[in-house]
Every structure is written in structure tokens, then in C-alpha cells.
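Down below is the structure, laid out as C-alpha cells.
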There are 2 protein chains.
Amino acid sequence: MATIKQVAQHAGVSVATVSRVLNDKGYVHEDTRKAVLKAIEELQYNPNSVARSLFKKSSNTIGLLIPDITNPFFPQLVRAVEDVMYPKGYTTILFNSDENIQHELDYLKGMTSKYIDGVIVVSNTLKWEHLEPLTVPVIALDRHIDDRIASVTIDNYESSFKALEFLVERGCRKIAHLAGPAHVFTSSERLRAYKDFTQKHGLEEMIQEGSYELQSGMLNTMQLLTKYQQVDAIFAGNDVMAIGALKAAAKLGISVPKELSVMGFDGVEWGTAVTPELTTMQQPIYQIGQKAAEMLLKRLETPGLSPEHVRLNAELTVRQSTK
Amino acid sequence: MATIKQVAQHAGVSVATVSRVLNDKGYVHEDTRKAVLKAIEELQYNPNSVARSLFKKSSNTIGLLIPDITNPFFPQLVRAVEDVMYPKGYTTILFNSDENIQHELDYLKGMTSKYIDGVIVVSNTLKWEHLEPLTVPVIALDRHIDDRIASVTIDNYESSFKALEFLVERGCRKIAHLAGPAHVFTSSERLRAYKDFTQKHGLEEMIQEGSYELQSGMLNTMQLLTKYQQVDAIFAGNDVMAIGALKAAAKLGISVPKELSVMGFDGVEWGTAVTPELTTMQQPIYQIGQKAAEMLLKRLETPGLSPEHVRLNAELTVRQSTK
DNA sequence: TTGTACGCGTTATCAT
DNA sequence: ATGATAACGCGTACAA
């Protein structure tokens, strides 16, 4: 690895001059510029990012903190973020927190010492006081954390309401809710919508709580279906649970959508892999990631912007699992 | 952000002493050590990773180069790598190449200037000459690149053979192959096995090439099934295509596994989400990632180790999509 | 237009 | 046992 010093020597100039042509700053004679360029080429010189970071107190790197990349919701989100950051010269570092606050705090601590320039955070546990000490822009993704922290979210409550309305329109009256974990903000919003909806429409409230996983979705649907015999629709807290419900129905010999309608939430790719294909409230996952990255980029360029709160809309995608 | 200098001042010692207690190196009196620790605590001092990297020419960071995180094969792999690297103090940077050699070379170039300590690579295009200039340990994952580059792979050829043998055992005789893209090493190996197998057993060769995607799997199965009427089994190049085949069968009213057996390859989670659940040649995805990370770690600790080539075994997981 | 010299925050060597 | 200082590679005042 050649250094700027060697390039300077090779070109017969000083390091300052090399730095100038490197960064197009200050005056430099065309001839010397060419000589420097030639030296750079010959020595295959590549500026040292670490040294540059030390001086600039900035690493052209952002952190992306998510619960777990193996959750099918996140790969697309991650891709979106990288797809917008990379062309702008930023590297993205991914962190899996497993929703463990200790891990999250560890990561955050590491970031500042690495001159990470900004962070995108998906977390149910992180609060203002944890993020406040960070001197870099932060974007909260998927979950709103605090009014003082910019965020990109979707309208979980309203969308859930719409999903439920659709089920009623299609003639469902005994609608059960397969709820996600209570500590997850998005699932509690969806649950809240379900409760309000059933109350408003005078429908029976049938709730079964589980975790955001396939097995859980299946097992809990089994329980649900034995506990409440007359269920004619299931509104699941997310797609993975909904697919679990589909599996349970298949196992119990219940025909979907004829005897039972199943509605998911998220719009992950899995939903198109199953038969019948899953009807779902589709989040614009890729756009959410894009938007968050763009907001971060804006704050990177012009620091001190007031916290913006963007709310995207989920959209009902009717496929085959509902009447 | 406090610096080591400020800590030294605060504790009334020199930076050298602070550095000593920080790194447990050299002698330092117990009293002064305590004073330093106290200063560190009071100033909330956090050593600057960038400055440290500059001096050490090492960033405690590794690169993980994969085609695309949205391919369901990779999230688990990525998790595995991070799960072993992080506790050892290493940060993992993920790069999505989209199998584009230019992107790959760009990433590689960026790595050296960042003092990245090692790389794990999943690529069909990268060759010895691209990796050779790297001065850090490299592990090739999933695809063998060169004898001189350590690798972790699975026995694609033999496993495919076993999968096909299983189908024959179950009475299938008209076995078609839904092949993955020709430029992907793993799929050409699986294709090769299919060809050898049919020849060995005197079976008709029925091949349809597609891409590693759901739609492609479905469409190509449709074509396959119209072109060759009597097909009684499909051996797919990967699980996603196999699931596409399942969808095609459902659409055509063909009952799986009664009229048609479907065999996948990979063992991604999706395979358990569909009905019938997918029979597949299951790769130990997580272990592959683990093993690669461990190999890298070993080479990080003791450089200059000769290239090791580990080959893991895929295992037949019989579920419901085969007779 | 170009060069000198210092600072970014650490670690390691060499004195003391 | 502790301190001063050079070095890591780069960018930028300031001087020339």
C-alpha cells in the first residue's frame, strides 16, 4: 500500500500538492497535476480511509440497527438502505440486536468511537435518553421512538382497521386476532385496532397472542380454532403468523378461504410462495428503507434539521386467502 | 468525546500511563491505575477506534461479500458469521454484489483502504487474480474459487445424486430437472449430477433452465409439464424454484406428492411454510457460516496458514412433497 | 502555485 | 513505575 508521501516523492512534489489534486482543492498547475496523477497511477495509490477518518472525524459509514436479519421483513429493508447509501459513498454496517437492549447499547457505544456518521434504528426498547447522547443524526424506522427523533413509520392502526373492514365486507363476522408479542410496538397497535374495531362493530373479541414466528402462528391458530369454534376469519399480526395459520388450517382440513379467511400484515415475499397466496396489508418495505436512508442522507449533508416524521401507507393486497 | 489526553490531564499522569492501564501493558502502580480508572469513569472516556486502527493497521472489521441478502439463503449465513465474529470483537460489514464483478472489485478496493482484517466471499465471478492482491485472509464460501483460497462448501454433486436416488427409490422414473442459472457454480454442479444420474440409470433427460426465483420456478415448471407430459418428479436446483414448482402444480390441479414429487435443494425456512412442506436436500446453512467465520478467525490469529478446504454434507430432509 | 509543519487520537519505544 | 516523543497517513493553515 503506497502512501501519499511516496506518491509525493515519486512525483517530485510535496504531500500537500498531492492532497490538493486528490481533493480538487486549491490551485495546482496543470503540469504538476498530471505528474501527480501519473505517480498515483504508477504506484496504484489508494487514499487511506482510516487516516482520512481520523482527521475528518467522519468515516462515511452509517449503522443500521435491526432486531434480526433472519426475520423476512428485514432483508428488503436492508437492501433498500444500502442501495441508496452506497452510491453516495457511504458504507452500511448492519447490527442484529435480537431486541436485546444490552446489545443495542453496546453497538451504539461502538459507533461513536468509530466515527459512524449516522444511524438508522429499528427498536422497541431504545428510548430518547439512549439516543440523545449520540452526536450524529438518528432515524427511527418502523417504530416511532420520540418526537425529537426523526422517524419513518406506517399507519399500523388505520391499516389494521382497513384490513378488518375488508373482512367484514366479504361477509366475515367471527373475526379472531392472532396477535404478535405485546412488547412490540407495531403489534400492539394492530391489536388496539382490532379491539376498537370489534367494539365499534359489536363483534366478539377473540384474541390469541403469540410470537412473530411460523410455529407460533400455527400452534396458536390450532388453539384459537379449538377454543372458538365458529371463527370465520383470522387477522394475523404479521405475515409469518398468517402463514402459520394457513398451515394450521390445512392440517385441520379447514378450507381457506371457503371456510376460513386469513389476512396477513407486512407483505413479505413468503406470502406469494404459499397456496393459497396470502391476502395481506402490504407495507412498502423497500420504500420505507429508501425513505429512511434518504432522510438520513439529508441530515448528513445539512445537520441540525428538525425531526421529520414520515408516515407511509400500507396497502391492501387481495390474493387468495380471503373470500 | 473525551480523548486519552484529557484523561491523562484529569488524572494527573501522562498519556502513556493511561494507555498502559487501558491495555494492561507494562508496569503501573496500583494507586495511579485507580486514579486513571476514576478519570476514565468520570470523563466517560471511550478509546477512539479510528486512531487505534490507524496505528495498528487493523480495524477489527471483516467484510462479508454476498450476492444478495434478499435471497432467502443468505440471512442465516450472515447471522452465523456475525454471531461468531462479534463476541470476538469483530464487526462485520455486509456487501451485496448482485453478482456484479465491478461492484465486487469496488468493494474489495475499499476494504484495503479501511484496514479490513479479513474477507468472506460468496462469488461466482471472483478469481484468484482478483483476490491475490489482498493482503488479508480470504475465505471462499459456498463456491470453491481456487485451491490457494481456503473454502467452505458442500458436496453439491454427491448430494444431488442422493436426492435423485431417493426419488427413484420412491418409485419415480420420469424425473425432470429444474436447473438454476448456468453461470452459478452450485447449480451447474447439481445439473451435472442430474445428467450423470439419468445416464447411469438409463432415464430420460428432461431439463428446464431458469433463474433462482419463485416466478421463474413456477413458469418453467409450467413449460416443463406441458413439454414433457409424463413427468412424475421434479428435482429443482434450489428450494425457491421448488416452491415455484409446487405453485405451478397447484395451479394445474396436479396433486403433490401423489401425481408429482418435488424435491428442493438448500433447506431454507420457506420450505416449511408451504403446504405440502418441501422435501429437500438440506444444507447446514448456519454451520457453513459458522465454520467459515471460525476459519477466518483462526487465520486472523495466526496468519500464513495454508489454505484449508472444508466440505460439509447436505442432508436429505423428507417432508411432504415427495412420495 | 507550491511547500512546511502541525494536528487528528492512539500505541510503542526509549529514557529516566 | 512513569513520561516524552515518534509514528500511523492524511488534510489544511500558513508561509513562501
Side-chain angles (χ1 to χ4, degrees), chain A residues 1-37 39-40 43-61 89 109-117 135, chain B residues 1-40 43-61 89 109-117 135-136:
Chain A
M1 266 293 74
T3 74
I4 198 173
K5 215 172 196 167
Q6 297 173 303
V7 174
Q9 211 155 17
H10 194 85
V13 299
S14 78
V15 293
T17 304
V18 178
S19 179
R20 282 191 199 98
V21 347
L22 238 38
N23 304 302
D24 272 325
K25 261 180 191 162
Y27 298 91
V28 43
H29 192 91
E30 190 52 31
D31 292 349
T32 57
R33 146 180 247 91
K34 281 203 180 118
V36 170
L37 255 20
I40 288 176
L43 295 179
Q44 296 232 58
Y45 170 69
N46 214 300
N48 184 310
S49 307
V50 177
R52 191 173 269 178
S53 292
L54 182 60
F55 180 85
K56 293 234 179 174
K57 294 174 182 300
S58 147
S59 60
N60 277 258
T61 302
K109 193 169 156 195
M111 287 183 190
T112 53
S113 91
K114 283 190 176 120
Y115 288 148
I116 300 268
D117 299 310
T135 55
Chain B
M1 266 293 75
T3 73
I4 197 173
K5 217 173 195 166
Q6 297 173 304
V7 174
Q9 210 154 18
H10 194 85
V13 298
S14 77
V15 292
T17 304
V18 178
S19 179
R20 281 191 198 97
V21 348
L22 238 39
N23 303 302
D24 272 325
K25 264 180 190 160
Y27 299 91
V28 41
H29 192 92
E30 191 50 32
D31 292 350
T32 56
R33 145 181 247 90
K34 280 202 181 120
V36 169
L37 255 20
K38 181 155 157 280
I40 288 177
L43 295 179
Q44 296 232 59
Y45 168 69
N46 215 301
N48 184 309
S49 307
V50 177
R52 192 172 268 179
S53 292
L54 180 61
F55 183 86
K56 293 236 179 177
K57 293 175 183 301
S58 147
S59 60
N60 277 260
T61 302
K109 193 169 156 193
M111 288 184 191
T112 54
S113 91
K114 283 190 175 121
Y115 288 147
I116 300 267
D117 299 310
T135 55
V136 298

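In what follows, chains carry the letters A, B, and so on, assigned in the order in which the sequence lines appear, proteins first and then strands, with residues in each chain numbered from 1. Reckoned from all heavy atoms, side chains included, excluding hydrogens, waters and symmetry mates.
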Acceptor/donor pairs from residues 27-35 of chain A side chains to any protein atom, 3.5 angstrom cut, sequence neighbours excluded:
from: A/T32; atom 1: OG1; to: A/H29; atom 2: N; distance (Å): 3.4
from: A/T32; atom 1: OG1; to: A/H29; atom 2: O; distance (Å): 2.7
from: A/R33; atom 1: NH2; to: A/D24; atom 2: OD1; distance (Å): 2.8

Any heavy-atom pair between the side chains of B/V136 and B/Y115 that's under 4.5 Å?
no

List every contact pair, protein side and nucleotides 14-16 of chain C side both N or O, where the distance is under 3.5 Å.
none

Contacts to DNA chain D from residues 48-57 of chain B, heavy-atom cutoff under 4.0 Å, which residues?
B/L54, B/F55, B/K57

Taking only heavy atoms on the protein side, list every residue of residues 25-36 of chain B lying under 4.0 Å from any atom of DNA chain C, sorted numerically.
B/K25

A/I4 side chain near A/P47 side chain, heavy-atom distance below 4.5 Å
no

Can you tell me how far C1' of C/dT11 sits from OH of B/Y115, to the nearest Å?
14 Å

Below 4.0 angstrom, which residues in residues 5-19 of chain A have at least one non-hydrogen atom near DNA chain D?
A/A16, A/S19

Minimum side-chain heavy-atom gap A/V15-A/V7 below 4.5 Å
no

How bent is the helix from C/dT1-D/dA16 to C/dT16-D/dA1, comparing axes over its five end pairs at each side, to the nearest 10°?
50°

Side-chain N or O of B/Y45 less than 4.0 angstrom from OP1 or OP2 on C/dT10?
yes

Flag side-chain contact, heavy atom, 4.5 Å: B/N48 against B/M1:
no

Looking at every heavy atom in both B/A2 and B/L43, which two are closest together, and how far apart are they?
CB-O, 3.8 Å

Side-chain contact test, heavy atoms from C-beta onward, threshold under 4.5 Å: evaluate it for B/N23 versus B/R52 and give yes or no.
yes

If you define the side chain from C-beta out and look only at heavy atoms, does anything of B/K114 sit under 4.5 Å from B/S59?
no

